[in-house]
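In this chain, numbering begins with 1 at the start of the sequence shown. Each ligand, and each atom within it, is numbered from 1 in the order the structure gives.
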Amino acid sequence: MTYYFIADLHLNENQPEITRLFLQFMQEKAPLAQAVYILGDLFDFWIGDDEESELISNVKNAIKTLTTSGTKCYFICGNRDFLIGKSFSEQTGMVILPDYHVIDLFGTSTLLCHGDTLCTDDKKYQQFRKKVHQKWRQAIFLMFPLSWRIRIAEKIRAKSKQEKRGKSAEIMDVNTEFTAQIVTKFKVEQLIHGHTHRQAIHNHNHFTRIVLGDWKADYASILEVKKQGTRFI
Ligand code: OKV
Ligand code: MN
C-alpha cells in the first residue's frame, strides 16, 4: 500500500520538461499506488474548465487513465488553479477535496491543504485570495468569453509579478503560530502541504509538518507514504 503526494508542478507551455516528468510519474509510479494526492498548483494558471490545449488534454488523459485503472486521485486547489471545477473532475475521475481535508495514513491522522491559507503574514495575498474566492466573483468571471478571461488573467498576473518583488522570504512562508492553531483545531498528528516550495520534513513538538517541494525540469518532488515509512523519492 502506497500513497503519493505532490504539489506545485505549475504546469505551463514554456516548461514542457515538467509536463513530461508528470506524465512519466503518472504512467510509471502512480498506477502502483492506492491513491495520489495533488495538493494544489498542478497548473500555473487556470481560467476555466472550458479552456483546451494539448497540455491540458495530455494531463486530463493521464489522470483519466490512472483513475480508470483503479488508483484514486484527489485534488486540493492551489492559489493558481482554484478554478478547476466539476467538469474537470467529471472528465478525469479526479476527486476535488475542500481546502482542508483529514485522512488516516496507517494510523497517523494527517491534515492536507495547499498551504497558502497558512501564510497569514502575507496580507496582500490573503486580500487577493478572499476576493477571487468569492462565489459571485467567480461566477461572473466564468461567464465572460474565454478570450476576455485570458486577457484579464494576463493583466492580473502582470500586476502580481510587480508586487511580489517587494515581499520578504519570511512573509512568503507559513505563519508558525497560525499553523499550530490549525493543527490543534483539526486534532491531527501530521500536516502535509505545499505552496512555499521548501521541501522538508519538520518535526515540531506536537506534530510533524511535511512540505512538498515544487517541480523543476530535472526534479520531481514526490512524497511516498508506506506503512514502513515516509520519504521523498
Ligand atoms: C491565479 C494568481 C493569477 C496569486 C479572477 C475572479 C476576477 C478568478 C479570477 C483570474 C486569474 C485565476 C482566476 C492567477 C493566481 C494570479 C496572479 C497572482 C498570487 C476573478 C475569479 F477578479 F477577475 F473577477 N482568476 N487566474 N496569483 O491567471 O490563474 O496566486 S490565474
Ligand atoms: Mn501555491
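Y3 and V188 sit in two unconnected hydrophobic clusters of ILVMFWY residues. Membership requires side-chain heavy atoms under 4.5 Å apart, directly or through other members. Note: the hydrophobic cluster containing F82 also contains M94 (ILVMFWY, side chain heavy atoms under 4.5 Å, direct or indirect links). Hydrophobic clustering, with ILVMFWY side chains joined whenever heavy atoms are under 4.5 angstrom apart, groups I233 together with I38.
From the protein, the heavy atom lying nearest to atom 22 (F) of ligand 1 is V132 CG1, 4.0 Å. Here the heavy atom of the protein found nearest to atom 7 (C) of ligand 1 is F141 CD1, 4.1 Å. Distance from atom 4 (C) of ligand 1 to its nearest protein heavy atom, with residue and atom name: F128 CE2, 3.6 Å. Looking only at heavy atoms of the protein, atom 16 (C) of ligand 1 is closest to R80 NH2, 3.7 Å.
Counting only heavy atoms from C-beta outward, the side chains of T2 and E224 approach each other to under 4.5 Å. Using a 4.5 Å heavy-atom cutoff, the side chains of S221 and D214 are not in contact. A 4.5 Å side-chain heavy-atom check between N79 and F128 finds every atom pair outside the cut-off.
Using modelled atom types, one finds no donor on one side chain facing an acceptor on the other under 3.5 Å when comparing Q15 with T19.
The aromatic rings of F144 and F141 sit perpendicular to each other, their planes meeting at more than 60°, with 30° as the lower class boundary.
Below the 2.8 Å limit, the Mn ion (ligand 2) has as protein N, O or S neighbours D41 OD2, N79 OD1, H114 NE2, H195 ND1.
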- request: Step by step, work out the side-chain hydrogen bond (donor to acceptor under 3.5 Å, both in side chains) result for T108 and Q190.
  value: CA-CA 7 Å; T108 304; Q190 185 166 261; 5.4 Å; no
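Under a cut-off of 6.0 angstrom, the local environment of CZ in R137 is crowded, with over 12 non-hydrogen atoms contributed by other residues, nucleotides or ligands.
Comparing S160, A153, A158 by heavy-atom distance to atom 11 (C) of ligand 1, the nearest is A153. The residue from L142, L83, I140 that puts a heavy atom closest to atom 8 (C) of ligand 1 is L83.
Residue contacts with ligand 1 for F45 involve both N, CA, C or O and side-chain atoms from C-beta outward (heavy atoms, distance under 4.0 Å). At a heavy-atom cutoff of 4.0 Å, ligand 1 is contacted by the side chain of F82 but not by its backbone.
Geometrically, ligand 1 and W46 share a nitrogen or oxygen pair separated by less than 3.5 Å. For the pair N79 and ligand 1, the shortest N or O to N or O distance falls below 3.5 Å.
Taking a cutoff of 4.0 Å between a charged side-chain nitrogen and a carboxylate oxygen, D41 and R80 do not qualify as a salt bridge.
Close approach to R157 involves these atoms of ligand 1, each under 4.0 Å from a residue heavy atom: 3 (C), 16 (C), 17 (C), 28 (O). Ligand 1 places these atoms under 4.0 Å from at least one heavy atom of Y125: 19 (C), 30 (O).
For the pairing with Y4, the ring-ring contact (aromatic ring centres under 6.0 Å, His included) check across Y74, Y37, F25, F232 returns one residue only, F25.
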